[in-house]
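Note sheet for the following structure.
Proteins get letters first, then strands, A, B, ... in listed order; numbering begins at 1 in each. Values below: all heavy atoms of this structure, side chains included; hydrogens, waters and symmetry mates excluded.
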Number of protein chains: 2
Amino acid sequence: MVLTYLMDTPAVRSDPTSDEERAIVREALPTHGSLDFRVIELFFFAYREFTGDADSILLRYGFGRAHHRVLHFVNRDPGLTIAELLDILQITKQSLSRVLRQLLDENFICQVPGDEDRRQRRLYPTEKGRALTVELSEAQNRRIEAALAKTSDEDMRPIAAFLKAMASDRASAREWFARKDISWSDSE
Amino acid sequence: MVLTYLMDTPAVRSDPTSDEERAIVREALPTHGSLDFRVIELFFFAYREFTGDADSILLRYGFGRAHHRVLHFVNRDPGLTIAELLDILQITKQSLSRVLRQLLDENFICQVPGDEDRRQRRLYPTEKGRALTVELSEAQNRRIEAALAKTSDEDMRPIAAFLKAMASDRASAREWFARKDISWSDSE
DNA sequence: CAAATTACGTCAATGGTGCTGACCTATCTT
DNA sequence: AAGATAGGTCAGCACCATTGACGTAATTTG
């Protein structure tokens, strides 16, 4: 092709996109077929509303989701160490530090040196931290209970099994479920 | 009290936390009782793995979750306008702009002026954008299919109903589900 | 006992994703 | 001609995550 220099796509260009790859696509990806988008989209929208319930409360305290996650697991497993918390949250020590600093400074959480190993800083909620955690959980539980209002115990089993199967790749999650008895088959 | 000035909690202080609120709590919040933490935690861990599948692919392209969401909905509904996209994503025009700019510059998406209203910039995927979207969806679908491997069509109904009930507060989500036939009761 | 390891804290820099407010063009409507 | 609408963009800010490097105290190990 001779007139290349007149075009906006020079023969030798930094962008390796071929004309074929640039070709416009007008057909929508169908909802189900070889790929099924139903659960993908249900999950996306559902989780957004689920976190939104807590977000609006956290806003009043000047906190974000990261604070919520720390508060949650410290309240669900008081006395856990920093290392254990990092393992559950799957974040780095540096990511945790600022968030935890705020929660400590504002007396939602406190640290206690470990009994056997005094290097550890075991984390406990204060009454204030407990109260906020309960408030946040109640908000999320309201949505869950409303969504499950017409669900029989029978129908609860596949729902829990699905979520558990989605979650159980990571050892830290599997261990949490086992330790806290997160199941339906035997507990209800 | 006279010796107030010797204490770390002065009689008049900026921090309004009372000694009662500071009190340490050593009991764990129980898994179920008046509050049920099972679905809350299953949902948290499940969604983290779900998004993680796509995140590792996006990393290779220098993209994040915001790029994925835009790609997803443009591929699922080609020709949608900026306003429609903002309504579905529930973000601001300014938040979208950076992400969309990159996708346009790198030829994953392209804009076409509307036929009737030429102010509109209708969004379409390119072949390249379509290919990436399919790759991302396939990764997420693998996890979903594995999680549903032992699930009967019978058991699929309560799972979908639960997610749909969790998600359907917002009109934009309800309309999406209706328009794209996101359901199980009649389609399977 | 000295050395290595572990548990945790922190400083500095960076990136992704969201926000508000302000201001701009182009186009459509009235 | 005036106003409303669709969209773009700039500047600044907040939050949450990252990596890398360095420091301290306590425990473990040779």
Side-chain angles (χ1 to χ4, degrees), chain A residues 44 47-48 51-52 54-74 79-106 109-124, chain B residues 44 47-48 51-52 54-74 79-106 109-124:
Chain A
F44 165 69
Y47 196 75
R48 189 172 68 185
T51 53
D55 287 345
S56 51
I57 295 169
L58 290 161
L59 202 64
R60 297 207 310 265
Y61 292 81
F63 291 154
R65 282 186 203 173
H67 301 83
H68 185 185
R69 290 195 282 268
V70 172
L71 271 174
H72 180 97
F73 287 104
V74 169
L80 89 176
T81 65
I82 301 285
E84 288 165 349
L85 184 55
L86 293 177
D87 188 47
I88 284 176
L89 297 180
Q90 292 282 296
I91 58 173
T92 61
K93 187 177 43 164
Q94 296 89 327
S95 297
L96 175 63
S97 76
R98 265 168 317 203
V99 167
L100 183 57
R101 184 81 266 141
Q102 286 178 271
L103 291 169
L104 290 167
D105 288 348
E106 300 181 35
I109 283 177
C110 63
Q111 288 181 324
V112 178
D115 278 345
E116 315 112 49
D117 189 338
R118 286 185 321 201
R119 291 172 302 179
Q120 295 174 339
R121 306 291 153 87
R122 291 186 175 273
L123 302 172
Y124 293 90
Chain B
F44 166 68
Y47 196 75
R48 188 172 67 185
T51 54
D55 288 345
S56 51
I57 295 169
L58 290 161
L59 202 64
R60 297 207 311 266
Y61 293 82
F63 292 153
R65 284 187 202 170
H67 301 84
H68 185 184
R69 289 195 282 269
V70 172
L71 271 173
H72 181 97
F73 286 104
V74 169
L80 89 177
T81 63
I82 300 287
E84 287 165 349
L85 184 55
L86 293 177
D87 187 47
I88 284 176
L89 297 179
Q90 292 282 293
I91 58 174
T92 61
K93 186 177 47 163
Q94 296 91 327
S95 297
L96 175 64
S97 77
R98 264 174 316 209
V99 167
L100 183 57
R101 183 81 267 139
Q102 286 178 271
L103 292 169
L104 291 167
D105 288 349
E106 300 182 35
I109 282 177
C110 65
Q111 290 181 324
V112 177
D115 278 346
E116 314 113 48
D117 189 336
R118 287 185 323 201
R119 290 172 304 179
Q120 294 174 340
R121 305 292 151 87
R122 291 184 174 271
L123 302 171
Y124 292 90

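The heavy-atom pair separating A/Asp55 from A/Arg65 by the smallest distance is OD2-NH2, 2.9 Å. Closest approach of A/Val99 and A/Ser95 over heavy atoms only: CG2-O, 4.2 Å. Minimum heavy-atom separation, A/Arg48 to B/Leu89: NH1-O, 3.1 Å. The shortest non-hydrogen separation linking A/Phe63 to A/His67 is CD2-CD2, 3.5 Å.
Rounding to the nearest 0.5 Å gives a distance of 11.5 Å between CZ of B/Arg119 and CD of B/Glu116. With rounding to the nearest 0.5 angstrom, the OG atom of A/Ser97 is 10.0 Å from the CD atom of A/Gln102.
By the side-chain hydrogen bond (donor to acceptor under 3.5 Å, both in side chains) test, B/Tyr47 pairs with no residue at all, sequence neighbours left out. The salt bridge (Lys or Arg N to Asp or Glu O under 4.0 Å) test applied to B/Arg98 returns no partner, not counting sequence neighbours.
Rounding to whole angstrom units, CG of residue B/Asp115 and P of D/dA6 are separated by 17 Å. Atom pair B/Gln102:CD and D/dT9:C1' shows a separation of 15 Å (rounding to whole Å applied). Between the CD atom of A/Glu116 and the C1' atom of D/dT28 there is a distance of 15 Å, rounded to whole Å.
Ring pair B/His68/B/His72 is perpendicular by interplanar angle, where above 60° counts as perpendicular and below 30° as parallel.
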So which protein nitrogen or oxygen atoms get under 3.5 Å of nucleotides 11-13 of chain D's nitrogens or oxygens?
none

Check the interface with nucleotides 2-9 of chain C: list each N/O to N/O pair with the protein under 3.5 Å, or write none.
unit_1: C/dT6; atom_1: O2; unit_2: A/Arg119; atom_2: NH1; d: 2.3
unit_1: C/dC8; atom_1: OP1; unit_2: A/Ile82; atom_2: N; d: 3.4
unit_1: C/dC8; atom_1: OP1; unit_2: A/Arg121; atom_2: N; d: 3.4
unit_1: C/dC8; atom_1: OP2; unit_2: A/Ala83; atom_2: N; d: 3.0
unit_1: C/dC8; atom_1: N4; unit_2: A/Lys93; atom_2: NZ; d: 3.4
unit_1: C/dG9; atom_1: OP1; unit_2: A/Gln111; atom_2: NE2; d: 2.8
unit_1: C/dG9; atom_1: N7; unit_2: A/Lys93; atom_2: NZ; d: 3.2
unit_1: C/dG9; atom_1: O6; unit_2: A/Lys93; atom_2: NZ; d: 2.6

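Residue B/Leu100 forms a side chain to side chain contact (heavy atoms under 4.5 Å, CB included) with just one option from B/Val74, B/Asp105, B/Leu123, and that option is B/Leu123. Partner of B/Ile82 under the side chain to side chain contact (heavy atoms under 4.5 Å, CB included) criterion, out of B/Leu86, B/Leu85, B/Leu80: B/Leu86 alone.
Contacts between residues 57-67 of chain A and DNA chain D, defined by a heavy-atom separation below 4.0 Å, involve A/Gly64, A/Arg65, A/Ala66, A/His67, listed by number.
You'll find the side chain of A/Arg69 reaches within 4.5 Å of the side chain of B/Phe44, heavy atoms only.
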- Secondary-structure notation, DNA chain D, from Watson-Crick and G-U pairs under 3.5 angstrom (| other strand): ||||||||||||||||||||||||||||||

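Positionally, the nearest nucleotide of DNA chain D for A/Val99 lies more toward the 5' end than for the other of A/Val99 and A/Arg118.
Between A/Ser95 and the phosphate of D/dC16, there is no side-chain N or O to OP1/OP2 separation shorter than 4.0 Å.
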